[in-house]
Student: 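Here you go, one structure.
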Amino acid sequence: GEACSHIGALLLILDKNTQYQKTTCTSLPCSWLPPTFQNVPYSELAKISFATPHHKQCRSEQETEDICPQAQKQARKRIQIASAEELETLYSSLSKSGMPVLLSLVPGYSEKYIPLCVKGVIPHPLTDLFSKEHLNLSHDDLLLKCEEVFNTYTTTQDVAKCIEEQTREQAQSKICFQQRAGRVTASHLKAAVCTSISKPSQSFIEAVCYPESVQFISKATIWGVNMKNKHTWSTKVLLSNITSIFQLQNVG
């Protein structure tokens, strides 16, 4: 077929180039950007300094200060150790601002960081029942183990009340997701009834066992979470003006 002449010229140049140049430039050591140092002596890794010029300068200045103790005293300011009263004021201010992790190590403030399940206020999550030994059990033995745990697991009315009080924030409460793990709640009851017993839905299993990672989020739910406090407060103000005996509490 017909072709433009520049295609034939390009093929001819490529053919001649391969005849005269057997080795390409990329097959040889870098020749267009030669290294700055031609002869670099080999050394052990521990003896090689990878510090930047700025860090080398700071290190040199530090060594100069070590040589001249008088100059070091003038450059550094002496910081006084805080007294017990000052530390207590600091800890008290931090405690009022929230739950900073620093206070979890301070005696007198660390008690509220102890998980409620460790204190015995609420039961341990069902996920704590997991054991690697159960992975080696057969299906029948695993069912017997589940039945054994089910028959020995009890929840009193007081514990149920504590769980209800601690999970009223629902999606905003981590305890709510911990206590829901492994339980078929009202929102998953229909899926539990409709799914197959021999081969249950994987999404249903994930929603029951890992509720914190499987959450339903939409524009409507986001709007409801953001506007909940505003409408709750406006409703309380409106009805409080009508009657003095009106009370409004968050029940989840």
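Remember, predicted model here, so these are calculated numbers, not experimental data.
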Student: Can you check whether Val106 reaches Tyr113 side chain to side chain, under 4.5 Å on heavy atoms?
Tutor: no
Student: Indicate if Ile114 and Met99 have the same hydrophobic cluster label, given that clusters are the connected sets of ILVMFWY residues with side-chain heavy-atom separations under 4.5 angstrom.
Tutor: no
Student: Taking Ser93 for the side chain and Thr89 for the main chain, is one N or O donor matched with an acceptor at less than 3.5 Å?
Tutor: yes
Student: If we only count heavy atoms from C-beta on, is the His188 to Arg180 side-chain gap below 4.5 Å?
Tutor: yes
Student: Between Lys161 and Gln157, is there a side-chain heavy-atom distance shorter than 4.5 Å?
Tutor: no
Student: Pairs under 3.5 angstrom only: tabulate donor-acceptor contacts from the side chains of residues 135-147 to other protein residues two or more places apart or in another chain.
Tutor:
| unit_1 | atom_1 | unit_2 | atom_2 | d |
| --- | --- | --- | --- | --- |
| Ser138 | OG | Asp141 | N | 3.4 |
| Ser138 | OG | Asp141 | OD2 | 3.0 |

Student: Same cluster or not: Tyr210 versus Val208, using hydrophobic residues (I, L, V, M, F, W, Y) connected whenever any side-chain heavy atoms lie under 4.5 Å apart?
Tutor: no
Student: Quick one: pull up OG1 in Thr52 and CZ in Phe50 and give me the separation to the nearest 0.5 Å.
Tutor: 13.0 Å
Student: Return the SG to CG distance between Cys194 and Leu189, rounded to the nearest 0.5 Å.
Tutor: 9.0 Å
Student: Does Thr195 use its side chain to pair, donor to acceptor, with the backbone of Ala191 at less than 3.5 Å?
Tutor: no
Student: Show every donor-acceptor pair shorter than 3.5 Å between a side-chain atom in residues 115-128 and any protein atom, with sequence neighbours excluded, or say none if there are none.
Tutor:
| unit_1 | atom_1 | unit_2 | atom_2 | d |
| --- | --- | --- | --- | --- |
| Lys119 | NZ | Glu111 | O | 3.1 |
| His124 | ND1 | Asp128 | OD2 | 3.4 |
| His124 | NE2 | Cys117 | O | 3.4 |

Student: Measuring from Cys209:SG to Arg183:CZ, what's the distance to the nearest 0.5 Å?
Tutor: 12.5 Å
Student: How would you list, by chain and number, every residue that makes a side chain to side chain contact (heavy atoms under 4.5 Å, CB included) with Leu90, sequence neighbours excluded?
Tutor: Leu94
Student: Does any part of the side chain of Ser218, heavy atoms only, come nearer than 4.5 Å to the side chain of Trp223, both counted from C-beta?
Tutor: no
